[in-house]
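Here the structure is laid out as structure tokens; the discussion comes afterwards.
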Amino acid sequence: MTGEVTYDTAAKAQVTEGRETEAAPAPELKGDGMGCHAGAAEMEAAARAAGSSEILDRYAADYPQGPHDKPQSMCPAFGSLRVGLRMSRVATVLSGSACCVYGLTFVSHFYGARRSVGYVPFNSESLVTGKLFEDIRDAVHELADPDRYDAIVVTNLCVPTASGVPLRLLPDEINGVRIVGIDVPGFGVPTHAEAKDVLAGAMLNYARKEIEAGPVQAPASGKSDRPTVTLLGEMFPADPMMIGRMLEPLGLAAGPVVPCREWRELYAALDCGAVAAIHPFYTAAMREFTAAGRPIVGSAPVGHDGTAEWLKNIGDAFGLPAEKVAAAQNAFLPAIRGALATTPIKGTITLSGYEGSELLVARLLIESGAEVAYVGSACAKSPQSEADRDWLEAKGVKVKFRASLEDDWLEAKGVKVKFRASLEDDCAAMEAVKPDLAIGTTPVVQKGKEMGLPSLYFTNLISARPLMGPAGAGSLAQVVNAAIADKGRMDRMTEFFEGVGHGDTAGVWEGDPNLRPDFRAQHQKKLDKMARAAKAEQMI
Ligand code: SF4
């Protein structure tokens, strides 16, 4: 009699026990201490000790951390990986733990990468002896074929960054193929959106130095005879075209979209008259444009007010006369107003996401008639998002940055905008507001559906629609109104599944769960005792 209390016979099942192999990670790099589900502080301390302080300080300034110190969405490196995979004639090589690389390649192919992802594996020995760096260098030399590639991007994931694998020591180019090495650790880059900026900034930096050194390739599509506006941020494919049409009356043209699709577009992007920071979090990319002497215009031509203001700001950046700006405004604003009026949205909405376009979408929803009670962005606030925040405040709404869950926003009337919002913030807002529609990330939507609330994925269903100018004005109404109208179906589903999948009814059981409230009470006593002991220790 062991005294062990069991629910069923599962405890008697034979289990296979693992044993440590020679290639196990080095003691300081294994276990819970190293990974995105573990303490970021240990990883960061290791990286600093390994000489990566400069890069981590830069990331801390570019991408200030929020209430959470580790990624709450997918691995941040997915952002930079995707930027590289979408460029033609660019090879990508990852250096990191096999499980991280497995996840990243899986998601890449899930999203239709159709390209190989290079991987340089390591073990404890190659990591601590510096052989991993030599392996990366060999891999890059082997891959550097100028007939196939313009550039090779090598990315250090968490463990190689924490170990200080020095990608900066890789050659700048091999056989004419550019080598771009970046560190994208989950403990320095908080979201995958900001990781896109890490690679976009590194590539722009490289291209800017090439331009300074001498002539570079012209754009494949030829050079525009009008001054161009480079567009910063990934958008729905029709949006750059719509922006181009709105720039025409100003005598301007839309330039390339950064992140670019091929290397020579980087030169054209730097050769612009001004940069439109459609997504406001591209700090490193904007640093390169500023170094190239290009002015930066924040916000975007979204909705009536947003388009009017944006056209004016673009006109100011190019020093255009007020009449020209007014002509462009008159050409588009009535159409936008008309589209908004014919496709109204009625209902209360909470909105959260990690794309960086959350405030723009909120503006569009409000102009369509919706009541937006909460906007949470996983990205940090930046000077380029100020105009959108100001607009929301001017609507009589309460706006707070970096608010904590204890803040009194729940009592505030109107919109709450939250930068670097955590998943807990987003869920708490949704639970408190009980909106007619919750727009959010996967876990928020999952929770919303459990609560019987109509819910839409921000990335798949909102980001995949035009937002700019007249084309964007009515584009959200159909999907949003259809979702709000689905409340009856959500109620029926909630009623049907009532009591299933929660607490004792979670999991697969052959019979009825063997409930033992006495065990539960006994266990709760133990927990309470431990909590009291921990508190007493704190007081000492
Ligand atoms: S590389 Fe990505 S998946 Fe791997 S530990 Fe870091 S954040 Fe997590």
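All ligand and atom numbering here is 1-based and tracks the order in the structure. Computed from a predicted structure; not experimentally measured.
With a cut-off of 2.8 Å, atom 2 (Fe) of ligand 1 has an N, O or S atom of Cys75 in range.
Atoms of ligand 1 found under 4.0 Å from any heavy atom of Gly186, numbered from 1 in the order shown, are 7 (S). Atoms of ligand 1 found under 4.0 Å from any heavy atom of Leu157, numbered from 1 in the order shown, are 1 (S).
Ring geometry, Tyr102 versus Phe106: the interplanar angle falls from 30° to 60°, so the pair is classed tilted.
Using a 4.0 Å cut-off between charged side-chain N and carboxylate O, Asp57 and Arg48 make a salt bridge.
Under the side-chain hydrogen bond (donor to acceptor under 3.5 Å, both in side chains) test applied with Glu358, the options Ser385, Ser463, Ser377 reduce to a single match, Ser377.
Using a 4.5 Å heavy-atom cutoff, the side chains of Glu125 and Lys131 are not in contact.
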